[in-house]
There are 2 protein chains.
Amino acid sequence: MDELDRAIIGALVEDARSTYAEIGGQVGLSAPAVKRRVDRLVQTGAITGFTARVEPSALGWTTEAYVELFCQGKTSPSAIALAVAGLPEVVSACTVTGEADALLHIRATDVRHVEQVIERIAAEPFVVRTKSAIVLTRLITPRPA
Amino acid sequence: MDELDRAIIGALVEDARSTYAEIGGQVGLSAPAVKRRVDRLVQTGAITGFTARVEPSALGWTTEAYVELFCQGKTSPSAIALAVAGLPEVVSACTVTGEADALLHIRATDVRHVEQVIERIAAEPFVVRTKSAIVLTRLITPRPA
DNA sequence: AGTGAAACCTTAATGGC
DNA sequence: GCCATTAAGGTTTCACT
């Protein structure tokens, strides 16, 4: 993992459909050399895949929210993971330090939809209470890496 | 934007390097038909690009945090955007309802690094105080769409 | 309008240097 | 890591529904 690898990753994050020759031109390598490095980066797990960047509003997901979860003391992270894994609206979830035990990122069609998802999560027996913040305006769009 | 478009987008989110023929096999269309729809989806902005999914830890970004920003009453969203746009550690930022004015998602090399970034943000004149939560374990990895 | 099939052209993938 | 060859996928055009 050297400076060239980071440059190649940067190019792929910018546009995953770039040809190996194009990337090679940017970083100063030939196409086969780039391919070997990309294969190695995928093999070692530095690159976990290639995905399309989608405009959520185009699919009708116009509302997003962040929800803090306050759980019972004995609640395990895996229990929380299990509870939210089935909900497609939960885009991201993690346990955190501080007052809250977990923080969820939710994408939904509208505020009413957000409310429904929160209700379903709050129905979990280990959830003591939730505290949510609806996103007003996005300043920086979430970017990979 | 019909059910076929959504299926194609789903396939591309799964793997942006799928061939048009492979996607066609999944959704029941020929390769050229898939390409035409993909081109249209890119043209209309439903698909904003293709990117590599990167494992942050492979690049040394092992620590992430969420930071709530409490600002002065007269602070505009654009002022916050301007202040954080220059920081590469800020992966995502948005204004939210509730007590806090904005919520930032930060990726850094370690806890000390997170602290430095927060200090820089707190130094902005419009920032009254910050409240941060360090991520302990990630339950659901942020996914596009 | 949108699709399916075929021709053409570009790019990916391999082996050798 | 670079160069050349072979195979595969992308791109365009045309006929059809």
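Naming: A, B, ... by sequence-line order, numbering from 1 per chain.
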J.: Using whole Å, what does the distance between atom P of nucleotide dA12(C) and atom CZ of Arg17(A) come to?
T.: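 Atom-to-atom, Arg17(A) to dA12(C), this comes out as 12 Å.
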J.: Which side-chain N or O atoms in residues 116-137 of chain B pair as donor and acceptor under 3.5 Å with protein atoms at least two apart or in another chain?
T.:
from, atom 1, to, atom 2, distance (Å)
Thr137(B), OG1, Thr95(A), OG1, 2.9

J.: Pairs of donor and acceptor atoms involving the side chains of residues 49-56 of chain B, under 3.5 Å and at least two apart or interchain, shall be tabulated with distances.
T.:
from, atom 1, to, atom 2, distance (Å)
Thr51(B), OG1, Val13(A), O, 2.7
Arg53(B), NH2, Val13(B), O, 3.4
Glu55(B), OE2, Ser57(B), OG, 3.2

J.: Strictly by ring pair (Phe, Tyr, Trp, His ring centres under 6.0 Å), give each pair with a member in residues 66-85 of chain B just once, sequence neighbours left out.
T.: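 Listed once each, the pairs are Tyr66(B)-His105(B).
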J.: Grab the stems for DNA chain C, please: at least three consecutive Watson-Crick or wobble pairs, both distances below 3.5 Å, written as range with range.
T.: C:1-7 with D:11-17, C:9-17 with D:1-9
J.: Do any pairs count as a salt bridge (charged side-chain N to carboxylate O under 4.0 Å, His left out) and have a residue in residues 9-18 of chain B, sequence neighbours left out, and if so which ones?
T.: none
J.: Mind jotting down which residue pairs meet the side-chain hydrogen bond (donor to acceptor under 3.5 Å, both in side chains) criterion with at least one end in residues 24-36 of chain A? Sequence neighbours excluded, please.
T.: Lys35(A)-Asp39(A)
J.: Taking side-chain hydrogen bond (donor to acceptor under 3.5 Å, both in side chains) as the definition, give me every residue that meets it alongside His113(B), ordered by chain and number, with sequence neighbours left out.
T.: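 Scan of His113(B) (side-chain hydrogen bond (donor to acceptor under 3.5 Å, both in side chains), adjacent residues dropped) gives Glu89(B), Thr109(B).
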J.: How about Ile47(A) and Ile9(A): do any of their side-chain heavy atoms sit closer than 4.5 Å?
T.: yes
J.: Listed in order of residue number, which residues of residues 30-39 of chain B have a non-hydrogen atom at under 4.0 Å from DNA chain C?
T.: Ser30(B), Pro32(B), Ala33(B), Arg36(B), Arg37(B)
J.: Mind checking which nucleotides bracket the chain B contacts on DNA chain D, 5' to 3', with an atom under 4.0 Å from a heavy atom?
T.: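 First and last nucleotides in contact are dG9(D) to dT12(D).
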J.: Taking for each residue the nucleotide of DNA chain D with the nearest heavy atom, is it Ala21(B) or Gly28(A) whose nucleotide lies nearer the 5' end?
T.: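 Taking each residue's closest nucleotide, the earlier one in sequence belongs to Gly28(A).
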J.: Excluding sequence neighbours, so at least two apart, what forms salt bridge (charged side-chain N to carboxylate O under 4.0 Å, His left out) with Arg40(A)?
T.: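 Counting only residues at least two positions away or on another chain, Arg40(A) forms a salt bridge (charged side-chain N to carboxylate O under 4.0 Å, His left out) with Asp5(A).
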J.: Output the rounded distance in Å from CG (Leu29(B)) to P (dA5(C)).
T.: 11 Å
J.: Can you name the residues that form a salt bridge (charged side-chain N to carboxylate O under 4.0 Å, His left out) with Glu22(A), not counting sequence neighbours?
T.: none
J.: Quick one: side-chain hydrogen bond (donor to acceptor under 3.5 Å, both in side chains) partners of Ser76(B), sequence neighbours excluded?
T.: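 Ser78(B).
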